[in-house]
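Data first, discussion second: the structure below is written as structure tokens.
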Amino acid sequence: MTIAQTFDQWIDRRGTHCAKWDTMETHYGVSPSGGLAMWVADMDFRPPACVQAAVEDMAAHGIYGYFGDERASNDAIRWWMKNRHGWEVDEKAIFTTHGLVNGTALCVDAYTKPGEGVIVMTPVYHAFARIIKAAGRQVVECKLVNEGGRCLLDIAGWDAQMTGNERMLLLCSPHNPGGRVWTRDELREIAQFCVRHDLILVSDEIHHDLVMPGHKHIAMPVAAPEIIDRLVMMTATTKTFNIAGCHSGNVIIPDEALRAPFRARMNALGISPNSFGMAMATAAYSPEGAAWVDELVAYLDGNRRLFDEGVDSIPGLRSMPLEATYLAWVDFSGTGMESKEFIARVEKQAKIAASHGATFGSGGDNFLRFNLATQRANVAEAVSRLKDAFADMQ
């Protein structure tokens, strides 16, 4: 069986304490029996064999003590960033957090004070706003422009919006949920915006390996090396290799002075690596892992084309062109329906659990986000169900 064939293999995740399948009825009223889970951003695929082998080796050893000596993991991170992203990483710059939501929270805690503003480019990953609010900071929404079904920056508008109370910008690159791969010029514009307004730039690049053919992700320190003194980079194996449950993330801080407050917060909170996460990440960031990712992206691209062709054939629906991630951002505004009506059709008629656009902030009200990282038969079934649910529009 080839790698590509394994992506088509159905793996029943129901009854395994899987958030995506086992809690969708609670959140969306869609039963896992007969419903399609297309919300939580993880994949219905097993990781590459090298990752599975690493876990099996740990199980065979049979002792699960504290993790020590991060050199192998750091070497793997540095190899991956250099070979896949053209970015030379200093070993001393790497911190291991309990995933990147944790990493984001640590950044907010380390670099801002209660009441200060943290900027997000909306619509954007909903955990950002949740963390900012929970930390007692102010969410500052800088809205993206939807032009011709594509998310664009509005730097001039954002400049006019600043009050001086803002201390940080959280960048999602590639963008979730819009699927944009920011160009070098756009990244430089964002960097210059941060310099003008004296902002710490936290660049969440967790989807940087999941880029569709014809597009190229550029790491922020490669695009704008002049802002290293205010840059925090966040990357991870978790999205790329479908190992989100290991809760392991890379926070990479190139500037030595900028590392100090982050290190202090990690020490104060007693954060140390998860041994399973370290073993899986070390195995994943390898030539074998790289070959698997290449085949994964080709498979996801096939799912994207199938989904977009089907959805775009339904009058009133439009799937935003997906440049990266496996998350389709579908605009329902052409139906003329209020969100509660098109959501009801998707959930009650099509029996699909998809993320509600409003949770991503301003600009998301007329959208739903669909996770395409599942077996192609599920994607085809989702298209068929959506066509039936909106048959009166055709």
Side-chain angles (χ1 to χ4, degrees), residues 47-48 50-51 54 57-58 65-107 109-111 171 173 187 191 200-209 217-241 243-244 246-290 293:
C50 56
V51 172
D57 285 346
M58 291 186 70
Y66 293 114
F67 186 84
D69 192 352
E70 299 179 30
R71 285 176 296 179
S73 174
N74 288 343
D75 285 348
I77 292 168
R78 296 174 67 221
W79 179 86
W80 189 267
M81 298 309 163
K82 179 179 179 180
N83 285 278
R84 301 291 286 192
H85 299 285
W87 172 32
E88 295 272 2
V89 174
D90 181 349
E91 182 179 9
K92 297 188 294 295
I94 303 170
F95 297 85
T96 300
T97 61
H98 292 172
L100 293 193
V101 172
N102 174 240
T104 302
L106 285 165
C107 287
D109 195 30
Y111 300 115
L171 171 65
S173 176
L187 292 171
I200 297 292
L201 174 56
V202 177
S203 188
D204 180 349
E205 305 193 7
I206 196 169
H207 292 279
H208 65 173
D209 294 311
H217 171 81
I218 305 172
M220 180 57 83
V222 175
E226 67 275 13
I227 62 151
I228 289 297
D229 62 340
R230 63 179 65 245
L231 176 64
V232 176
M233 288 285 292
M234 299 202 301
T235 70
T237 52
T238 50
K239 281 288 183 287
T240 304
F241 298 97
I243 52 176
C246 76
H247 282 283
S248 185
N250 317 314
V251 174
I252 304 173
I253 307 175
D255 183 74
E256 186 173 358
L258 201 60
R259 293 171 202 159
F262 190 87
R263 183 183 294 110
R265 294 314 298 152
M266 285 195 68
N267 290 339
L269 295 170
I271 295 174
S272 58
N274 174 301
S275 59
F276 278 89
M278 299 297 276
M280 286 190 275
T282 303
Y285 279 155
S286 64
E288 184 178 342
V293 171

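It should be emphasised that the depicted structure is a prediction, and the values quoted were computed from it without experimental measurement.
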* Report the distance from atom NZ of Lys92 to atom CD1 of Ile253, rounding to the nearest 0.5 Å. => 14.0 Å
* Begin with the C-alpha distance, continue with both residues' side-chain angles, and end with the deciding distance and a verdict on side chain to side chain contact (heavy atoms under 4.5 Å, CB included) for Asn250 and Phe95. => CA-CA 6 Å; Asn250 317 314; Phe95 297 85; over 6 Å; no
* Nearest heavy-atom neighbours spanning Pro47 and Ile243 -> CB-CG2, 4.1 Å
* **Stepwise side chain to side chain contact (heavy atoms under 4.5 Å, CB included) check, Leu187 with Ser173** => CA-CA 9 Å; Leu187 292 171; Ser173 176; 4.1 Å; yes
* Structure fact -> dist Phe262:CZ -> Leu106:CG (nearest 0.5 Å) comes out at 4.5 Å
* Distance (rounded to the nearest 0.5 Å) between Ser73 OG and Arg78 CZ -> 12.0 Å
* Nearest atoms (heavy-atom pairs only) where Met58 meets Ala279 -> SD-CB, 3.5 Å
* Asked: Within a reach of under 6.0 Å around CD of Glu256, are more than 12 heavy atoms found that belong to other residues, nucleotides or ligands?
  -> no
* Asked: Taking C-beta and beyond as the side chain, do Pro261 and Tyr111 meet within less than 4.5 Å on heavy atoms?
  -> yes
* How far does SG of Cys107 sit from CE of Met234, to the nearest 0.5 angstrom? -> 5.5 Å
* Asked: Just checking, any donor-acceptor pair under 3.5 angstrom between side chains of Asn274 and Ser248?
  -> no
* To do: Would you name the heavy atoms of Val222 and Gly86 that are closest together and state the gap between them?
  => CG2-O, 3.7 Å
* Measure the spacing between CG of Leu258 and CD1 of Ile200 and express it to the nearest 0.5 Å. => 5.0 Å
* To do: Give the intermediate values and the outcome of side chain to side chain contact (heavy atoms under 4.5 Å, CB included) for residues Val251 and Thr96.
  => CA-CA 6 Å; Val251 174; Thr96 300; over 6 Å; no
* Residues in ring-ring contact (aromatic ring centres under 6.0 Å, His included) contact with Phe241, at least two apart in sequence or another chain -> Trp80, Trp292
* To do: Return the set of residues passing ring-ring contact (aromatic ring centres under 6.0 Å, His included) with His208 (not counting sequence neighbours), or none when no residue passes.
  => His85, His217
* **Side-chain touch Leu171/Met220, heavy atoms, less than 4.5 angstrom** => yes
* Nearest heavy-atom pair of Ser286 and Cys50: which atoms, and what distance? -> OG-SG, 4.0 Å
* Structure fact -> Paired with Thr235, the side chain to side chain contact (heavy atoms under 4.5 Å, CB included) test is passed by just one of Ile252, Leu100, Ile206, namely Ile252
* **Asn102 vs Ile271, side chain to side chain contact (heavy atoms under 4.5 Å, CB included): CA-CA, chis, key distance, verdict** => CA-CA 10 Å; Asn102 174 240; Ile271 295 174; 4.0 Å; yes
* To do: Examine distances only and state if a side-chain atom of Asn83 and a backbone atom of Trp79 form a donor-acceptor pair shorter than 3.5 Å.
  => yes
* Asked: So, are Arg259 and Asp90 salt-bridged, with charged N and O less than 4.0 Å apart?
  -> yes
* So, does Asp229 use its side chain to make a donor-acceptor pair with the main chain of Leu231 at under 3.5 Å? -> no
* Structure fact -> Residues Pro254 and Ile228: closest non-hydrogen pair is CB-CG2, 3.5 Å
* **side-chain hydrogen bond (donor to acceptor under 3.5 Å, both in side chains) partner of Arg71, the single match among Asp69, Asn74, Asp75** => Asp69
* Asked: Is there a donor-acceptor contact under 3.5 Å linking the side chains of Ser203 and Glu205?
  -> yes
* Asked: Measuring from Ile227:CD1 to Leu201:CG, what's the distance to the nearest 0.5 Å?
  -> 4.5 Å
* Side-chain contact, heavy-atom cut-off 4.5 Å: Thr240 with Val293? -> yes
* Given side chains that start at C-beta, do those of Tyr66 and Ser275 come closer than 4.5 Å, heavy atoms only? -> no
